[in-house]
Amino acid sequence: MDTIAWRDVTDAGEPPPSDDRSTFTLHINGSDRKLTLDHRTTLLDALREHLGLTGAKKGCDHGQCGACTVLVDGRRVNSCLLLAVAQEGAHITTIEGLADGDRLHPLQEAFLERDALQCGYCTPGQICSALGMLDEAADGSPSYVTEPGTAAAGGPVPLDAGEIRERMSGNLCRCGAYPRIVEAIEDVAP
């Protein structure tokens with residue numbers, strides 16, 4: 001018979017701080033959320049298991065598939081590789097935070113209109129990554145395939161299908177919806 005180890009909890013239902021746990025606040029989708037978690041808890045696990053934000057998916061848990069992609073201070077990151085406690089003070093945006101009430105974000109609308117998904121497992125990470133990627137290109141950050149001289153100094157990098165594919169290469173789709181994903185991003189790209 002298994003033994004259940006009981007633990008003390010605070011009034012909020014979280015375990016109290018200790019040598020292996022810290023209390024900290026995450027700023028997620030415009031709201032502050034106070035948590036007390038083990039220091040080793042990843043941002044992905046904090047989002048999914050402790051805050052109920054299940055949009056970001058646990059695919060590989062090694063930063064190789066992109067299913068867990070969220071935005072931290074506007075930059076796309078693999079949330080499975082970040083410690084939650086280290087994100088205190090950062091602005092975190094998940095797929096749940098992109099819509100404005102009932103109005104979907106333009107990328108969400110484009111993915112639906114282009115049918116840029118099949119099973120949908122990777123879609124939240126694809127959309128968050130696409131949003132981060134669009135900002136990177138607008139800021140003039142080149143990719144491996146960016147042709148020299150295609151962007152004015154400090155100006156935006158033009159996004160064609162090849163540029164989008166390269167920039168989205170860290171996000172895998174098990175169903176192979178890549179052509180539609182690229183089309184959806186092209187619809188939104190400036």
Closest heavy-atom pair, Gly55 versus Ile95, reported as atoms and distance to 0.1 Å, is CA-CG2, 3.6 Å
Contact between Leu51 and Leu35 at the side-chain level, heavy atoms closer than 4.5 Å - yes or no?
yes
Checklist entry - Is a donor on one side and an acceptor on the other found under 3.5 Å between the side chain of His62 and the backbone of Gln64? => result no
Give a yes or no answer on whether the side chain of Asn78 reaches the backbone of Cys80 with a donor-acceptor pair at less than 3.5 Å.
no
| Side chain proximity check, Thr94 to Leu47, heavy atoms < 4.5 angstrom | yes
- Item | Side-chain heavy atoms of Gln126 within contact of Cys173, under 4.5 Å | yes
Between Gly59 and Cys65 the two heavy atoms that sit nearest each other are CA-SG, 3.7 Å
Check your understanding: Where do Thr25 and Arg33 land on the side chain to side chain contact (heavy atoms under 4.5 Å, CB included) test, with the steps shown first?
Key -> CA-CA 5 Å; Thr25 301; Arg33 304 292 299 268; 5.8 Å; no
query: Step by step, would you call Asp100 with Arg103 a salt bridge (charged side-chain N to carboxylate O under 4.0 Å, His left out)?
result: CA-CA 5 Å; Asp100 183 13; Arg103 183 175 176 165; over 6 Å; no
Taken to the nearest 0.5 Å, the spacing of Leu26 CG from His91 NE2 works out to 11.5 Å
Note to self: Under a 4.0 Å threshold between the charged nitrogen and the carboxylate oxygen, would Arg75 count as salt-bridged to Asp135?
What the structure shows: no
Check: With hydrophobic residues grouped by side-chain heavy-atom distances under 4.5 Å, do Phe24 and Leu53 end up in a single group?
Finding: yes
Taken to the nearest 0.5 Å, the spacing of Thr146 OG1 from Glu163 CD works out to 3.5 Å
Rounded to the nearest 0.5 angstrom, the CD1-NE2 distance for Ile92 and His27 is 9.0 Å
#### Entry: pair Arg21-Leu37: side-chain heavy atoms closer than 4.5 Å
no
Output for pair (Arg167 CZ, Ser143 OG), nearest 0.5 Å, gives 4.5 Å
*State, with a plain yes or no, whether a side-chain heavy atom of Leu43 is found less than 4.5 Å away from one of Leu83.*
no
d(Ile127 CD1, Gln108 CD) to nearest 0.5 Å is 5.5 Å
Of all heavy-atom pairs linking Gly63 and Leu81, the shortest is CA-CD1, 3.7 Å
Chi angles and distances behind the side chain to side chain contact (heavy atoms under 4.5 Å, CB included) call for Ile185, Phe111
CA-CA 8 Å; Ile185 295 169; Phe111 268 66; 4.3 Å; yes
Checking the side chain of Arg180 only, and the main-chain atoms of Arg114 only, is there a donor and an acceptor separated by less than 3.5 Å?
yes
inquiry  = If you define the side chain from C-beta out and look only at heavy atoms, does anything of Thr69 sit under 4.5 Å from Asn171?
reply    = yes
ask   = Just by modelled atom types, is the Lys58 backbone N or O under 3.5 Å from a matching donor or acceptor in the Tyr121 side chain?
value = yes
Val72 and Ala90 have their tightest heavy-atom pair at CG1-CB, 3.7 Å
Next on the checklist: Would Arg76 and Glu136 count as a side chain to side chain contact (heavy atoms under 4.5 Å, CB included) here? Give the steps.
Outcome noted: CA-CA 9 Å; Arg76 54 190 172 150; Glu136 291 166 12; 3.0 Å; yes
Check: Is the shortest heavy-atom distance from the side chain of Ile181 to the side chain of Leu117 under 4.5 Å?
Finding: no
Between Thr41 and Ala46, the two heavy atoms sitting closest are CG2-N, 3.9 Å
Which of Leu44, Val77, Thr42 passes side-chain contact (heavy atoms from CB on, under 4.5 Å) with Leu82? Answer is Val77
Look at the side-chain heavy atoms of Ile, Leu, Val, Met, Phe, Trp and Tyr, link any pair under 4.5 Å apart, and say whether Leu104 and Leu98 land in one connected group.
no
For Glu186 and Ile164 the tightest heavy-atom approach is CG-CD1, 3.5 Å
Original post:
Do other residues, nucleotides or ligands put more than 12 heavy atoms under 6.0 Å from the CG atom of Asp32?
Top reply: yes
inquiry  = Counting C-beta onward and ignoring hydrogens, is there a side-chain heavy-atom pair between Glu96 and Ile28 closer than 4.5 Å?
reply    = no
Thinking salt bridges, do Arg40 and Asp38 make one under a 4.0 Å N-O criterion?
yes
Chi angles and distances behind the side chain to side chain contact (heavy atoms under 4.5 Å, CB included) call for Thr123, Lys57
CA-CA 9 Å; Thr123 305; Lys57 303 296 190 264; over 6 Å; no
Give a yes or no answer on whether the side chain of Ser79 reaches the backbone of Cys68 with a donor-acceptor pair at less than 3.5 Å. yes
Should the pair Arg165 and Tyr178 be classed as cation-pi, given the thresholds of under 6.0 Å to the six-membered ring centre and 45° from the axis? no
